[in-house]
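Because only heavy atoms are used, hydrogens play no part in the values below, and waters and symmetry mates are left out as well, while side chains stay in. Residues: numbered from 1 along the sequence shown. Bear in mind that the values here come from a model prediction, so they are computed numbers and not experimental data.
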Amino acid sequence: ELARGKKEVAIIFDDMTRATRTSDMLPAVLDELAAARIVDEQIRFICALGCHGAYTREHFAKKLGEAAMARFPVYNHNAFGNCTHVGTTKTFKTEVHVNEEVMKCDLRIAIGSVVPHPMNGFGGGGKIILPGITSFETTRDNHTSFNGVARQSRDRPVVGMGIFDDNPLRLDIEEAAELSGLDMMVNCLTNAWGETTAVFAGALK
């Protein structure tokens, strides 16, 4: 229902620093799009690299599978150019600039995984947007906020591994994801071997 009538679809996926077995979940996503009469020519993939280095076809094939590589265009995110301003967060007044190719699409889907994170409590969710597909400046402003928050919260930490509910860094990231217009999030949990143990799909909130 969400995809029906849409013209262009961006599927955002995480990079090789995450154990997400994207290729296992991708067929279900593509089947839903096909049921909404979305054809291959309307779909493109963007790797949420953040500020990590660019990937090769070999990396993409490991994440998406050879079948997807043969059907769809796949792009590296570039944090140093071609990003569009989508708004400002309330938490830290972060100016949010998001990958231009993603923002050209009227349906935005992300596939990733939830893992513990030393700053935001847990990775996953909105992190696939910030820092996944935001500009270097947006990522820098969000990340450098950590130092001030950490100093102010020594008596009762609000940032750090496993701290989620009131974590301002996470809230800033979730705001950025909302500003980007992310429509659908597919998040998985993995075990120590990188095997998928659970999948959760739906709106970001």
Do [X] and [Y] pair up side chain to side chain, a donor and an acceptor below 3.5 Å, judged on atom types alone?
| X | Y | result |
| --- | --- | --- |
| T89 | D172 | yes |
| E95 | H85 | yes |
| T190 | T196 | no |
| T20 | D14 | yes |

Decide whether [X] and [Y] are clustered together by the hydrophobic rule: side chain heavy atoms of Ile, Leu, Val, Met, Phe, Trp, Tyr closer than 4.5 Å, transitively.
| X | Y | result |
| --- | --- | --- |
| F164 | L130 | no |
| L33 | M69 | yes |
| L107 | V86 | no |
| V186 | F200 | no |
| I111 | I46 | no |

Hey, does [Y] have a side-chain heavy atom less than 4.5 Å from the side chain of [X]?
| X | Y | value |
| --- | --- | --- |
| S180 | V102 | no |
| L171 | F92 | no |
| F13 | C47 | yes |
| V29 | I11 | yes |
| N82 | E101 | no |
| K62 | M16 | yes |
| H97 | T84 | no |
| F136 | N78 | no |

Which heavy atom in [X] sits nearest to a heavy atom in [Y], and how many Å separate them?
| X | Y | result |
| --- | --- | --- |
| T94 | D141 | CG2-CB, 4.3 Å |
| H77 | C83 | CE1-SG, 3.9 Å |
| V9 | C105 | C-SG, 3.8 Å |

Kindly say whether [Y] contributes a backbone atom to a donor-acceptor pair with the side chain of [X] at under 3.5 angstrom?
| X | Y | value |
| --- | --- | --- |
| K127 | I173 | no |
| H143 | R140 | no |
| N191 | E195 | yes |
| N187 | G125 | yes |
| Q42 | K6 | yes |
| D106 | E8 | yes |
| T22 | L64 | no |
| H52 | D15 | no |

Just how far is it from atom [atom1] of [X] to atom [atom2] of [Y], taken to the nearest 0.5 Å?
| X | Y | atom1 | atom2 | value |
| --- | --- | --- | --- | --- |
| L26 | R71 | CG | CZ | 8.0 Å |
| S135 | E100 | OG | CD | 12.5 Å |
| L182 | R108 | CG | CZ | 8.5 Å |
| I129 | I133 | CD1 | CD1 | 3.5 Å |
| R170 | N142 | CZ | CG | 12.5 Å |
| T91 | E175 | OG1 | CD | 3.5 Å |

Using a strict cut-off of less than 4.0 Å between a Lys/Arg side-chain nitrogen and an Asp/Glu carboxylate oxygen, indicate whether R57 and E66 qualify as a salt bridge.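 Counted as a salt bridge, because a side-chain N and a carboxylate O are separated by less than 4.0 Å.
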Is the NZ or CZ atom of R44 both under 6.0 Å from the centre of the six-membered ring of Y75 and within 45° of that ring's axis? no
Walk me through it: do I12 and I109 pass the test side chain to side chain contact (heavy atoms under 4.5 Å, CB included)? CA-CA 6 Å; I12 308 156; I109 301 167; over 6 Å; no
Aromatic rings F60 and Y55: how do their planes relate, parallel, tilted or perpendicular, breaks at 30° and 60°?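 Rings of F60 and Y55: tilted, 30 to 60°.
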